[in-house]
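All ligand and atom numbering here is 1-based and tracks the order in the structure. Positions are given from 1 along the sequence.
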Amino acid sequence: MPDPALLKRLEDAVEAAFDRQVAFLADLTRFKSLRGEEAPLQDWMARQLSARGYAVDRYTLADVPLEGSRGAAPVMDTDYGRAVQVVAAKRATNPTGRSLIIQGHVDVVPAGPASMWNTPPFEPVIRDGWMHGRGANDMKAGVSCMVFAADALAACGLEPTGDLYLQSVTEEESTGNGALSTLVRGYRADACLIPEPTNQALTRAHVGVIWFRLKVLGIPVHVARSETGTNAIVAAYKLIEALQAHTKAENERAKSHPRFRALKDPIKFNPGIIRGGDWGSSTPAWCEVDCRIGLLPGDDLAERRAAIEATVRQAAAGDGFLANNPPEVIWNGFMADGFVQEEGTEAEAVLGAVHQQVFGEPMPSRLGTGVNDTRFYGLYYDMPALCYGPKGEGSHAFDERTDLASVKRTTLAIAAFIADWCGVREQAPR
Ligand code: ZN
């Protein structure tokens, strides 16, 4: 538990820097860091962190051999030579404390039609204490927390007595390969904290996610004779319906899962992108549907993949056209295990004590029906991996926003967590 006098010093430091933190968050949100377009933001981040005295490792995913690593996901339509990752290290001289990785992702999902937003998605606006903008909540707010939490310690003249790593990664929304790359590159610590927007709750468990593309090919004819041709778009719908039925069965299975039986229908299936056809008066020759489906912690990815393939195969077998033109299933992203951060780690006890002190109540926990990056650290590299961050709304939706009051308190909680987990000492004069 943090010493109350230290907590007060940290609180004052967070408060004193908060206008700068809000400006930093607005700068982050202004970057249109869609998948494949994160490099300018990451370069900016590398400069920000190196100006703060961190040793900065800037590399791209093309520099790291991911293939064959546990948790690596297939990649399509993205140039990894431009997928910049940033790891900033503050290494303790004569370390006596525990080391810590704090990680945040800066990739954001597309905003959709800007006309559906009340404010332009990449022009952050503050209203009633909330900052609006795509990515402001998921998870640039958390990224600002990690940077300014460490700043608060420095502003108090303190330095961690264990190694501290701040990681700014990409690909969280599509593969997780950014997080994985940091581990393959060799970064390790005694714990990992990811300040995703959790409304100051600890994510006890999250589902896994598989991405796949359905590819259907048909024979185009003039629509006037459509009875002699086939329609790839209509055929693709049959596959979507079959996958919806499959999802229903998966959710039946979830009813006996030790964690996720607590939620109704935790397995979500989403046909997220559809394209197909070439002409309004030709039956479409092709259709592609990009899909996402969840799986449960403990599920075997290969088995879940086989179940998807079997569902598609069976649906195709019952369709006159598809039976002769078998649709393809292409794995095009997430191949993510679910993960449970079991109770009882020392890291959770430390974070829980800090939360209690900052928020005046026990730290709640939650179950995630979406995926996050903690699985890499926790499941494959055996670190306690805590997903805990500020409050917000509208991730992946219109009018995404983060609660700035919560951002401030969460920054303090993370600063106190660093102090308690790593230990601190008066900074050696430079
Ligand atoms: Zn996120």
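- By the neighbour-count criterion of 12 heavy atoms within 6.0 Å, atom OH of Y237 is sparsely surrounded, having that number or fewer from other residues, nucleotides or ligands.
- One side chain, Q200 or S406, offers a donor N or O that lies under 3.5 Å from an acceptor on the other.
- Counting only protein N, O or S atoms, the number found under 2.8 Å from the Zn ion (ligand 1) is 4.
- Note on residues 331-341: pairs passing side-chain hydrogen bond (donor to acceptor under 3.5 Å, both in side chains), not counting sequence neighbours, are D337-Y380.
- For R375, the salt bridge (charged side-chain N to carboxylate O under 4.0 Å, His left out) criterion is met by no residue, not counting sequence neighbours.
- With respect to the salt-bridge test (charged N to carboxylate O, under 4.0 angstrom), the residues E15 and K8 do not qualify.
- Partners of D79 by salt bridge (charged side-chain N to carboxylate O under 4.0 Å, His left out), not counting sequence neighbours: none found.
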